[in-house]
S.K.: 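Provided herewith is a single structure, encoded as structure tokens, for subsequent inquiry.
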Amino acid sequence: MQNIKLIREDFPALSRNINGKPLIYFDNAATTLKPKSVVAAMDDYYLNGAANIHRGVHRLSIEATDKYENVRKICQKFINARSEQEIIFTSGTTLGLNSLALSLAVQKLSHGDEVIVSAMEHHANIVPWQLLRERKGIVLKVLPMNDKGELETQHLEALISPRTKVLSCVMTSNSLGTINPVKHITAVAHAHGLEVIIDAAQAVAHGSIDVQDIDCDYLVFSGHKVYGPTGVGVIYGKEEKLKALPPALGGGDMIFSVTWEKTIFADGPVRFEAGTPPIAEVIGLGAALEYFMALGSENVERYESTLLKRAQAAVKRIGGLRIIGEAKEKVGILSFVIDGVHPHDIGTLLDGAGIAVRTGHHCTQPVMAFFGIPATTRASFSFYNTPEEVDFFVEKLTEIQKFFST
Ligand code: PMP
């Protein structure tokens with residue numbers, strides 16, 4: 001990465017010492033650190049305005065509304081949507097997926113209708129559909145994966161029946177790092193008239209997203225995974241799809257008129273934004289996406305891939321270490337287990353050396369069950385990480401393995 005020293009200065013957390021050692025932050029798949037510009041944008045809103053949006057005629061409200069609405073345009077550019085009318089703000093991927101599940105349930109799912117998800121979904125793309133299974137009697141089908149953690153897309157067509165209505169699939173796996181061929185999957189699903197939802201929670205931070213190229217009907221992501229604040233996320237929906245979709249939530253701001261007899265909903269994305277939205281967080285998200293786009297997603301992708309390759313090659317020399325997720329197409333996520341060492345022990349010992357990783361099932365218990373393990377240790381890389389950090393991590397990991405094997 002060019003100017004890595006300067007980039008790191010944008011993230012004050014990277015100058016901290018943890019347990020007497022410089023912080024090495026490898027927990028980016030859980031959440032990314034935030035650059036100063038994101039915090040500054042949110043501070044500016046809170047300190048110089050903090051007015052509510054849309055409903056005010058006074059200056060502060062108009063300013064806040066302009067800032068908020070401008071982020072729709074930034075998001076449109078970020079995922080190459082056709083129009084900013086296709087960008088809905090929500091609290092994150094989880095609420096995005098739940099809202100879409102509820103709206104689609106009202107619009108088109110009846111008892112016996114089928115929804116397909118993949119074998120590597122985050123719980124956020126499993127549980128909402130299971131709730132519908134309990135409440136409405138829908139059927140949940142699973143597109144399988146192979147031992148490398150790659151989807152067996154050749155089986156997709158056979159899974160689809162006349163009762164299949166929706167396919168909801170993760171673009172990049174948070175526990176395996178696999179990049180799924182979502183454009184191909186979408187094309188197959190569309191050939192059978194399915195609605196396609198893409199969970200881009202992990203994909204957003206590691207490369208470019210082009211919703212027009214993928215041609216998905218809906219796509220969701222969280223701000224905090226892409227250097228933005230928590231509490232904000234985006235639902236993208238094709239404009240013609242959103243026009244026909246019933247809102248999952250009702251309340252203020254999403255209406256045109258309300259009488260005791262009838263509510264007429266507002267037009268456009270606000271129809272799906274009931275209540276006061278996370279205004280500061282939306283503004284912070286705008287700053288985060290601008291920061292990310294200025295770096296260039298191809299540069300980020302290329303750089304993180306060199307970190308991953310360096311780490312993968314080095315950890316393979318550690319005895320008893322097994323990488324979980326060896327797909328050909330991967331982002332900078334390295335999940336692994338070491339024989340005889342519990343991931344939580346690895347995580348705690350790495351923390352002692354100032355290294356933050358995640359250990360556990362990563363909200364993908366079916367993935368853990370598939371590989372026959374309870375948990376992994378996951379190191380996930382960002383553009384602000386360095387090869388030296390990777391080397392130090394591997395050195396510590398080697399020590400940990402030796403300690404437990406003697
Ligand atoms: N899907 C994937 C692939 C994820 O990695 C995550 C977060 N770990 C989610 C969904 C849920 O995101 P959030 O908790 O921000 O709603």
Side-chain angles (χ1 to χ4, degrees), residues 26-34 38 75 79 88-102 117-131 142-143 145 149 151 167-180 182 185 196-207 209 214 216 218-236 248-249 277-278 281-282 284-285 288-289 304 324-325 327 329-335 356-368 370 375-382:
F26 283 169
D27 197 17
N28 295 291
T31 199
T32 49
L33 300 176
K34 319 305 170 200
V38 167
C75 289
I79 58 171
I88 297 162
F89 295 118
T90 181
S91 70
T93 305
T94 302
L95 187 61
L97 290 168
N98 274 275
S99 304
L100 286 174
L102 287 172
V117 297
S118 86
M120 61 177 81
E121 297 306 323
H122 187 279
H123 296 165
N125 200 23
I126 300 174
V127 185
W129 304 110
Q130 289 181 334
L131 287 171
V142 182
L143 179 64
M145 65 177 162
L151 288 182
L167 178 140
S168 189
C169 183
V170 70
M171 186 160 172
T172 299
S173 158
N174 63 312
S175 50
L176 304 169
T178 311
I179 302 170
N180 289 319
V182 287
I185 290 171
V196 177
I197 303 172
I198 300 297
D199 170 0
Q202 287 299 330
V204 275
H206 300 290
I209 305 246
I214 300 169
C216 52
Y218 304 97
L219 179 139
V220 288
F221 68 91
S222 302
H224 72 98
K225 306 268 190 202
V226 60
Y227 308 94
T230 54
V232 65
V234 166
I235 301 173
Y236 154 83
L249 307 173
E281 287 77 4
V282 166
L285 173 64
L289 297 185
E304 289 177 359
I324 304 296
E329 299 293 331
K330 267 188 81 168
V331 296
I333 288 179
L334 179 67
S335 251
V357 294
R358 177 106 344 196
T359 60
H361 52 64
H362 318 294
C363 297
T364 56
Q365 283 185 334
V367 172
M368 300 296 117
F370 176 83
T376 73
T377 302
R378 180 186 70 188
S380 47
F381 307 119
S382 159

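Just so you know, these numbers use all the heavy atoms, side chains as well, and skip hydrogens, waters and symmetry mates. Counting convention: from 1, in listed order, for ligands and their atoms alike. Given the structure is predicted, the values throughout are model-derived calculations rather than measurements.
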S.K.: Please determine, by modelled atom types, if Thr31 and His224 share a side-chain donor-acceptor pair under 3.5 angstrom.
M.R.: yes
S.K.: Compute the shortest N/O to N/O distance between Ser222 and ligand 1 and return yes if it is under 3.5 Å, no if not.
M.R.: yes
S.K.: Give the atom numbers and elements of ligand 1 that come within less than 4.0 Å of a heavy atom of Val170.
M.R.: 3 (C)
S.K.: Using side-chain heavy atoms (C-beta onward) and a distance below 4.5 Å, is Met120 in contact with Asn174?
M.R.: no
S.K.: What is the nearest protein non-hydrogen atom to atom 5 (O) of ligand 1, stated with its residue, atom name and distance?
M.R.: Gln202 NE2, 2.9 Å
S.K.: So which heavy atom in the protein is nearest atom 1 (N) of ligand 1, and how far is it from that ligand atom?
M.R.: Asp199 OD2, 2.6 Å
S.K.: Establish, yes or no, whether a centroid distance under 6.0 Å links the rings of His123 and His362.
M.R.: no
S.K.: Of the protein's non-hydrogen atoms, which lies at the shortest distance from atom 16 (O) of ligand 1, and what is that distance?
M.R.: Thr94 OG1, 2.6 Å
S.K.: Contact between Lys225 and ligand 1, counting heavy atoms under 4.0 Å?
M.R.: yes
S.K.: Pairing donors with acceptors under 3.5 angstrom, does anything connect the side chains of Ser173 and Thr178?
M.R.: no
S.K.: To the nearest 0.5 Å, how far apart are NZ in Lys225 and NE2 in His206?
M.R.: 9.0 Å
S.K.: Which option, His224, Arg358, His122, owns the non-hydrogen atom nearest atom 4 (C) of ligand 1?
M.R.: His122
S.K.: Compute the centroid of each ring, for Tyr218 and then for Tyr236, and state whether the two points are separated by less than 6.0 Å.
M.R.: no
